[in-house]
Amino acid sequence: MTKRSKIWVAVAVIFTLINLGGGIYAAVLAEGLHAATHAVLTVVGVYILRRLLRSTSQASASEASLATDRLDHLQQSVDAVAIEVERIGEGQRYATKLAAERAGAVPRKGL
């Protein structure tokens with residue numbers, strides 16, 4: 001969840017709670033229209049809050065899927081590099097072996 005979405009969730013929670021409290025207060029004072037207005041605004045706040053939470057959970061799921069794909073790709077790349085390093089090592093050992101054999105096969109002059 002990004003910082004921006006956390007702020008909007010907090011605003012939606014505060015909005016909903018204020019309207020819930022205002023509706024209860026208006027109902028205690030027997031102000032029907034005022035209480036109904038707060039009730040409608042409370043429902044709107046809950047609706048917005050649910051949408052925000054749903055969209056952030058879907059974004060989190062897609063981010064997790066993207067991270068998994070990236071890790072899989074990184075693992076494949078590391079495996080490919082390891083194979084290439086092993087091939088280079090084998091080639092170096094073979095070249096060293098050939099150089100040692102040639103050095104031993106060449107007759108030495110002066111002895």
Side-chain angles (χ1 to χ4, degrees):
M1 186 180 291
T2 64
K3 183 177 180 181
R4 188 177 210 174
S5 61
K6 287 180 184 178
I7 291 171
W8 280 112
V9 167
V11 167
V13 167
I14 291 169
F15 176 83
T16 304
L17 291 176
I18 288 173
N19 280 300
L20 181 64
I24 292 170
Y25 181 72
V28 168
L29 295 178
E31 297 177 352
L33 187 58
H34 186 187
T37 303
H38 278 290
V40 169
L41 289 175
T42 301
V43 171
V44 169
V46 169
Y47 173 75
I48 291 171
L49 187 60
R50 287 187 65 196
R51 285 194 55 146
L52 286 171
L53 292 175
R54 188 178 314 138
S55 68
T56 56
S57 67
Q58 289 173 352
S60 297
S62 67
E63 289 173 2
S65 174
L66 181 62
T68 302
D69 292 342
R70 287 181 177 177
L71 283 174
D72 289 341
H73 183 68
L74 181 63
Q75 184 175 0
Q76 290 173 357
S77 298
V78 168
D79 290 342
V81 168
I83 290 170
E84 290 301 318
V85 167
E86 182 61 31
R87 287 181 183 166
I88 291 169
E90 289 175 5
Q92 186 65 32
R93 285 190 294 275
Y94 181 72
T96 303
K97 179 183 170 187
L98 284 180
E101 288 175 357
R102 287 185 185 166
V106 175
R108 296 184 180 177
K109 295 183 182 178
L111 288 179

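Everything quoted here is computed from the prediction, not taken from an experiment.
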Contacts table for residues 68-80: side-chain donor-acceptor under 3.5 angstrom, sequence neighbours left out:
unit_1	atom_1	unit_2	atom_2	d
T68	OG1	A64	O	2.9
S77	OG	H73	O	3.0

In residues 9-38, what donor-acceptor pairs under 3.5 Å come from side-chain atoms, sequence neighbours left out?
unit_1	atom_1	unit_2	atom_2	d
T16	OG1	A12	O	2.8
T16	OG1	G45	O	3.4
N19	OD1	H38	ND1	3.0
N19	ND2	F15	O	3.0
E31	OE1	H34	ND1	2.7
H34	NE2	H38	NE2	3.0
T37	OG1	L33	O	2.9

Would you give me the side-chain donor-acceptor pairs under 3.5 Å for residues 87-96, sequence neighbours excluded?
unit_1	atom_1	unit_2	atom_2	d
R87	NH1	E84	OE2	3.1
R93	NH2	E86	OE2	3.4
T96	OG1	Q92	O	2.8

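V81 forms part of a hydrophobic cluster together with V85, judged by ILVMFWY side-chain heavy-atom separations under 4.5 Å. When hydrophobic side chains of Ile, Leu, Val, Met, Phe, Trp and Tyr are connected at separations under 4.5 Å, V43 ends up as a singleton with no cluster partners.
R51 is linked by a side-chain hydrogen bond (donor to acceptor under 3.5 Å, both in side chains) to Y47, counting only residues two or more places apart in sequence or in another chain.
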